[in-house]
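Some notes on the structure that comes next.
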Amino acid sequence: MAQKELSNFFEDYIKKESLFINKKALQESYTPKNIPHREEQINQTASILAPVLRLEKPSNLFIYGKPGSGKSLTMKYVTSSLLETAKKNKIQIKIVYLNCKLKRVSDTEYRLIAELTRALGKDVPATGLPTEEVYKLFIKKLEEEKTLLIIILDEIDQLVNKIGDEILYNLTRLNSELKNSEVSFIGISNSLFFMNDLDPRVKSSLSEEELVFPPYNAIQLQSILRQRAELTFKKGLVEEGVIEKCAAYAAREHGDARKALDLLRVAGEIAERKDQSKILIKNIDEAEEKIERDRVLDIINTQPKQFNLTLYSIFHLCQNSSKPVFTGDVYESYKEACSKGGTRPLTQRRVSDIIAELDMLGIINAKVISKGRYGKTREIRLEIPQSTIPNINDLLKKGLDL
DNA sequence: CGAGATTCATGTGAAGTATACCTTTAGGCTTAA
DNA sequence: AAGCCTAAAGGTATACTTCACATGAATCTCGTA
């Protein structure tokens, strides 16, 4: 684009009418004024948490539900309203929200407690202190505050999966060490079976109350989408059938409302970028691909180099064959990639763990199988659509200097 | 032919190592009385 | 002598390695029908 044209482009851009009135309404951070189809869960949560307003410790709460079934949103909605009321009536309470699966933030016991302590306003070093010491710091700070603290642990199943359930036991014991303050927990889990193989002591104390969020069905998804679409887009800009298709896509994935909203938002962005006057059905397919690509790119950007090298090797192998790949092949390819990129390769033991973690991230599917006489290995398949691979592969290659 | 032993390729657990960072402490230097 | 700074000592968490043992079904072996 020549320079003159560039300024014209910007001029035009200003004049051009946006398809969006308020893009925020489709973003993940947005909390709508009312949450349809979750009235019951809201009421229950509210009545479970209400005792804090009388400075009584509420029951610990455990919440189950598939991704995008409104768990986090409902919690955010209820707690923010709770905080408001508490503030108005000058009641000392605090609420901390933590997502346990965030890598390098709160995916170990130390880091989780450290993060909690930081949330109370006390800085804790990233490493070096004994974990026990951080517990003490946390307790001391909390005692100073003299408050009722509600800790929300999102995706707690992932954490326990990784480091075991001892941490939950330690957490539930916190109250016995506190005199001036109290702690309540809200655990959020994607897996319905998470509680099954947990230490019974933890189980009983952590889930004094339980709540299940059923997935949305297609009709409910449609009404959610309509409500948000009205806030986001000008009237009549959404082609007939778009909402239905978004809902259908998401319903196929266990009623994931977040996915549905993402689809609609990204479809809107694509339509706008293409200078369309309407959002078309075909934009949704484009949106789906873009979302998938962005998700993978996000993972690539946040993972350490060794993970990306492993991932690159897997892509590399999967591109050339539709058959599943095995650990040994990946490791060979990985070593090669390392020598090309001038990195010292990790041991196979470690790469095996990395593959398992990539599986957890949902980017690949690695199942442990036995091939009888020919040993035991992981059978690795990609969990992302073939069409997005070449694209990502190039980016990875560049990022790794191969 | 079928039950049990064998085998392979790697999963997996435990313990050890390297690194980066923390607190404590002892020594050395400066400063002020 | 008191105060302050620095460096060493002793400690921890985390990512990774090393070592050793566990797995589990296809294949082999061998006794039996």
Side-chain angles (χ1 to χ4, degrees), chain A residues 98-141 153 158-171 197-199 299-314 316-318 321 323-339 341-361 363-381 400:
Chain A
L98 265 189
N99 190 325
C100 303
K101 98 175 164 187
L102 287 181
K103 222 169 174 197
R104 280 152 217 288
V105 177
S106 44
D107 61 345
T108 68
E109 178 164 17
Y110 180 93
R111 297 211 258 241
L112 188 121
I113 307 302
E115 197 58 27
L116 283 176
T117 313
R118 281 187 207 114
L120 293 179
K122 168 118 185 123
D123 204 31
V124 181
T127 167
L129 292 188
T131 309
E132 193 55 30
E133 197 60 32
V134 187
Y135 268 106
K136 278 184 196 148
L137 283 173
F138 175 68
I139 289 171
K140 191 171 151 223
K141 185 71 187 170
L153 300 171
Q158 304 247 358
L159 181 70
V160 172
N161 236 317
K162 198 167 165 199
I163 62 170
D165 57 4
E166 207 175 320
I167 180 170
L168 296 183
Y169 181 65
N170 290 339
L171 285 177
D197 35 35
L198 222 54
D199 187 325
I299 290 173
I300 289 172
N301 284 328
T302 53
Q303 292 303 318
K305 194 173 176 190
Q306 300 291 358
F307 278 62
N308 287 344
L309 273 163
T310 312
L311 197 54
Y312 168 77
S313 312
I314 295 171
H316 188 69
L317 291 172
C318 284
S321 78
K323 277 183 248 156
V325 189
F326 303 114
T327 308
D329 310 337
V330 172
Y331 188 63
E332 283 308 311
S333 165
Y334 160 83
K335 272 200 294 196
E336 205 176 300
C338 277
S339 69
T343 320
R344 200 168 60 83
L346 299 177
T347 46
Q348 182 158 349
R349 176 73 186 82
R350 179 63 187 146
V351 172
S352 173
D353 281 350
I354 290 177
I355 292 173
E357 285 193 50
L358 288 172
D359 177 50
M360 292 254 282
L361 285 168
I363 196 165
I364 61 173
N365 182 316
K367 206 169 73 187
V368 179
I369 56 154
S370 175
K371 290 192 294 169
R373 184 73 211 292
Y374 305 105
K376 197 181 178 190
T377 183
R378 283 198 168 86
E379 190 183 76
I380 302 162
R381 291 166 198 280
L400 296 168

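Just so it is clear: chains get the letters A, B, ... in the order the sequence lines come, proteins before strands, and each one is counted from 1.
Remark: K103(A) NZ is packed, more than 12 non-hydrogen atoms of other residues, nucleotides or ligands lying under 6.0 Å away.
Q348(A) has its CD atom 8 Å from the C1' atom of dA9(B), to the nearest Å. Counting to the nearest Å, the P atom of dT12(B) and the NZ atom of K367(A) are 14 Å from each other. As a whole-Å value, the separation of R350(A) CZ from dA18(B) P is 18 Å. One atom, CD1 of I380(A), and another, P of dT10(B), lie 10 Å apart when rounded to the nearest Å. Rounded to whole angstrom, the span from the OH atom of Y110(A) across to the P atom of dA15(C) amounts to 13 Å. As rounded to whole Å, 16 Å separates atom C1' of dA15(C) from atom CG of L309(A). Rounding to whole angstrom units, NZ of residue K371(A) and P of dG11(B) are separated by 11 Å. Between I355(A) atom CD1 and dC16(C) atom C1' the separation is 16 Å, expressed in whole Å.
Closest approach to the R373(A) side chain among dT7(B), dT12(B), dA25(C) is made by dT7(B) (side chain taken as heavy atoms from C-beta onward). Distances were taken from every side-chain heavy atom of K376(A) (C-beta onward) to each of dA15(C), dA9(B), dT17(C); the shortest belongs to dA9(B). For Q306(A), the listed nucleotide lying nearest its side chain is dC16(C); candidates were dT10(B), dT14(C), dC16(C). Here the nucleotide nearest the side chain of T108(A), chosen from dT12(C), dA9(B), dT14(C), is dT14(C).
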Subject >> Step-by-step side chain to side chain donor-acceptor pair (under 3.5 Å) determination, Q306(A) to Y334(A) >> reply: CA-CA 9 Å; Q306(A) 300 291 358; Y334(A) 160 83; 2.7 Å; yes
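Between the side chain of T377(A) and the backbone N or O of T327(A), at least one donor-acceptor pair lies under 3.5 Å. T108(A) places no side-chain N or O within 3.5 Å of a backbone atom of I163(A) that could act as its donor or acceptor partner. Using a distance-only test at 3.5 Å, with no hydrogens or angles considered, no donor-acceptor pair links the side chain of D165(A) to the main chain of L198(A).
Where D329(A) and R349(A) meet DNA chain B, the nucleotide closest to each residue was compared, and D329(A) sits on the side nearer the 5' end.
Qualifying side-chain contact (heavy atoms from CB on, under 4.5 Å) partners for K141(A), counting only residues two or more places apart in sequence or in other chains: L120(A), K122(A), E144(A), E145(A).
No hydrogens or angles considered: a donor-acceptor pair under 3.5 Å links the side chains of R378(A) and S352(A).
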Between the protein and nucleotides 19-26 of chain B, are there any N/O to N/O pairs under 3.5 Å, and if so, what are the atom names and distances?
none

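Residue Y374(A) has no polar side-chain atom (N or O) positioned under 4.0 Å from OP1 or OP2 of dT7(B). In this structure, T131(A) reaches the dA13(C) phosphate: one of its side-chain N or O atoms is under 4.0 Å from OP1 or OP2.
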